[in-house]
Peer 1: 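Mind having a look at this structure? Questions to follow.
Each chain gets a letter, A, B and so on, in the order the sequences are listed, and its residues count up from 1.
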Amino acid sequence: MQLKYSAPRGTEDFLPARVQLLNWIHAACRQELERHGYLEIRPPLFEDTSLFRRAIGDVTDVVEKEMFTCERGDTSVTFRPEATAGVARAYIENKLDKVRPFQKFYYIGPMFRFERPQAARQRQFEQVGVEAIGSHDPRLDAEVLHLAARLLDCLGIVGYRILINTLGDKDDRAQYRTALGAFVRPRLASFCAECQARFERNIFRLLDCKNRDCQRQLEGAPSLVDSASAATRQHFTEVQNALGALGRSFEVDPRIVRGLDYYTHTVFELRLPGLGARDTLVGGGRYDDLLEELGGPQVPAIGFSLGVTGTLLALEKAGIAEKHSREPACTVFIVAIDDQERLAALVLANELRQNGLVVDLDFENKSPKAQLRSAGKRDARIVLVLGESERSRGVIQVKNMDDGSQHELPMDGDLAFELQRMLEGGNAGQRSGENG
RNA sequence: GUGGCUAUAGCUCAGUUGGUUAGAGCGCCUGACUGUGGCUCAGGAGGUCGAGGGUUCAAGUCCCUUUAGCCACCCCA
């Protein structure tokens, strides 16, 4: 069983049943996002490599070792590892600040990161996310965060934790970097090797090290809020108040620092325990300086993204995935008894389809019995049987698959209308089993 | 980039201390009086046991290499 070709590492074929599940997720998210006034935006799947370097940060791992980059002559483009950079670029390029300074966007689509796949982690993966650009209002932070949680709620995911923190502004971070450095330096030797490297590279990353010993070392470390400016502290407090007003419970966790360089002030994660290596379903935060850094206007912004791969895993564990993974049924199936009727069946299917019915028929030259079986497997609610005796009399057998009853209808009447009536009137019975 | 685990039919897996034509369940196909599904019964197709090499009279079973998948680290949705 040696296959000549297989899907590239870290990619996945979504077969029809799974696509149903994805579509359901998309639809549920879309509805909730649009209820909150977010409009869909679709930047390209790849951008100039330099955009990501600038936006995400040159020394982040995402940029250093996870980019799918394509060089062609003197241009270098990269498949987007995340969407914020592209949306920010689009906002700037289209001068949206002149049109309507405050705008709320959402996106749904694939992202690409060249890394080793593992649980809930693929090289091509999908994110649902939002970017609200043009407001520094702490109520917006709360809305965005609440919206992230709402998406999980709408999908039926329960038991997630909301963790929030503030990274303050540039000055806050500069000051905190010094304070944290002063705390860590004397005991640096007792941190893990990776943390020792992080100490030079990005000291904040020490805070979310998974190593227990490192965490213990950090007990009593200063937190950013302590040394932050009054304005930063007030913003953070107001975010928390607004969240409370929305009825969201959350935990303030000073170890939430996020790995992308553009974050400022409010950052947050929604975590669902028990998912494996990556239990963060949603990550996000403010990025008040990013647009300016990319050469745009000085406008603040905030966003999040939800990882669909992890969400799929969560839905499977919760037993929600299965009932949204069924292949769609065809409502009418046409059985041709003899070869003479096969062409007529195709033509009839075409007519019924044009009248809005979901119709299918046999393409494998199966026996009538086998055709019926196919119809049953496809969950057809009505089977039309076309044989010689029907043809000669200008009628067709209409079989109700739910109760097995059968009657004749004239071919020249409004067959589509009659079938519709049967389906709507419940004559063909309700779908057995599931409700809603 | 580093480490661990796995690799047998379409799917989920059994395969005893290496020993005759490699099994099950599900799925698929066919049939059970002429043109009728779901249930039942009967039958059938489908595997060079991931690939390459080695040990042996004999290997799915032991050893080596390799590839892929899964999982973990890093990092992150």
Side-chain angles (χ1 to χ4, degrees), chain A residues 1-3 5-12 15 56-57 59-67 80-84 109-129 148 151 192-195 197-198 201-202 205 208-211 257-260 269-272 275-284 303-314 333 335-338 340-341 364 366-391 397-406 432-433:
Chain A
M1 193 182 49
Q2 196 179 9
L3 297 175
Y5 298 109
S6 57
R9 167 170 285 189
T11 67
E12 194 180 349
L15 302 180
I56 299 168
V59 297
T60 57
D61 275 30
V62 170
V63 166
E64 274 190 341
K65 52 183 211 187
E66 294 178 4
M67 298 224 290
R80 61 183 189 186
E82 55 100 61
T84 303
M111 310 292 158
F112 307 84
R113 289 184 199 177
F114 194 89
E115 54 185 345
R116 285 280 280 274
Q118 55 182 297
R121 183 177 308 177
Q122 299 279 295
R123 286 184 176 179
Q124 177 181 325
F125 58 100
E126 208 173 72
Q127 285 185 343
V128 176
L151 295 185
C192 70
E194 272 143 12
C195 276
R198 284 191 267 247
R201 223 176 106 167
N202 180 354
R205 305 283 330 177
D208 61 359
C209 179
K210 283 182 184 171
N211 191 314
V257 292
R258 309 300 304 149
L260 276 30
E269 292 182 8
L270 272 58
R271 287 190 193 160
L272 187 65
L275 281 188
R278 228 203 56 253
D279 54 8
T280 301
L281 249 26
V282 178
F304 71 75
S305 70
L306 175 155
V308 174
T309 318
T311 302
L312 286 172
L313 214 79
F333 197 96
V335 169
I337 299 296
D338 299 308
Q340 291 85 335
E341 282 83 30
E364 296 168 284
K366 285 184 175 175
S367 69
K369 187 188 185 69
Q371 291 184 51
L372 252 301
R373 249 200 301 269
S374 303
K377 256 170 227 146
R378 299 286 303 280
D379 280 335
R381 296 180 61 191
I382 294 175
V383 164
L384 303 177
V385 182
L386 190 56
E388 183 172 359
S389 92
E390 285 79 17
R391 191 161 42 117
Q397 297 288 337
V398 179
K399 182 182 175 83
N400 178 337
M401 290 293 273
D402 293 323
D403 60 16
S405 67
Q406 194 165 324
S432 52

Peer 1: Set out, line by line, the N/O atom pairs under 3.5 Å between protein and nucleotides 33-35 of chain B.
Peer 2:
| unit_1 | atom_1 | unit_2 | atom_2 | d |
| --- | --- | --- | --- | --- |
| B:G35 | O6 | A:S389 | N | 3.2 |
| B:G35 | O6 | A:S389 | OG | 2.9 |
| B:G35 | N1 | A:E390 | OE1 | 2.9 |
| B:G35 | N1 | A:E390 | OE2 | 3.1 |
| B:G35 | N2 | A:E390 | OE2 | 3.0 |

Peer 1: How would you label the contact of A:R121 with the nucleic acid (heavy atoms, under 4.0 Å): base, sugar-phosphate, or nothing?
Peer 2: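 The residue A:R121 makes base contact.
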Peer 1: Give one of base, sugar-phosphate or nothing for A:T309, where a contact means two heavy atoms less than 4.0 Å apart.
Peer 2: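 Contact class for A:T309: base.
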Peer 1: Under 4.0 Å, heavy atoms only, any strand: does A:E115 hit a base, just the sugar-phosphate, or nothing?
Peer 2: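 A:E115: base contact, heavy atoms under 4.0 Å.
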Peer 1: Contact class for A:A120 vs. all strands (heavy atom < 4.0 Å): base, sugar-phosphate, or nothing?
Peer 2: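 Base contact.
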Peer 1: Scan A:K65 against the nucleic acid and name what it touches under 4.0 Å (heavy atoms): base, sugar-phosphate only, or nothing.
Peer 2: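 Base, at least one base atom sits under 4.0 Å.
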Peer 1: How would you label the contact of A:A375 with the nucleic acid (heavy atoms, under 4.0 Å): base, sugar-phosphate, or nothing?
Peer 2: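 Since no nucleic acid heavy atom lies under 4.0 Å of A:A375, the category is nothing.
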Peer 1: Identify whether any heavy atom of A:G129 sits under 4.0 Å from a base atom; if not, whether one sits that close to sugar-phosphate; answer base, sugar-phosphate or nothing.
Peer 2: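 The answer is nothing, as A:G129 stays clear of every strand by at least 4.0 Å.
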Peer 1: Looking only at N and O atoms, is any donor in the side chain of A:R116 or the base of B:U2 less than 3.5 Å from an acceptor on the other one?
Peer 2: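 Check passes, donor-acceptor contact within cut-off.
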Peer 1: Hey, does A:E341 reach any base, or is it just sugar-phosphate, or nothing, if we go heavy atoms under 4.0 Å?
Peer 2: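 No contact.
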Peer 1: Would you classify A:G310 as touching base, sugar-phosphate or nothing, given that sugar-phosphate means primed atoms plus P, OP1 and OP2, and contacts are heavy atoms under 4.0 Å?
Peer 2: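 Answer is nothing: A:G310 stays at 4.0 Å or more from every strand.
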Peer 1: After noting the C-alpha distance and the side-chain angles of A:R9 and A:R116, does the key distance pass the side-chain contact (heavy atoms from CB on, under 4.5 Å) rule?
Peer 2: CA-CA 8 Å; A:R9 167 170 285 189; A:R116 285 280 280 274; 3.7 Å; yes
Peer 1: Please determine, for the side chain of A:K399, which listed nucleotide (B:C73, B:G69, B:G37) has the closest atom?
Peer 2: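 Output: B:G37.
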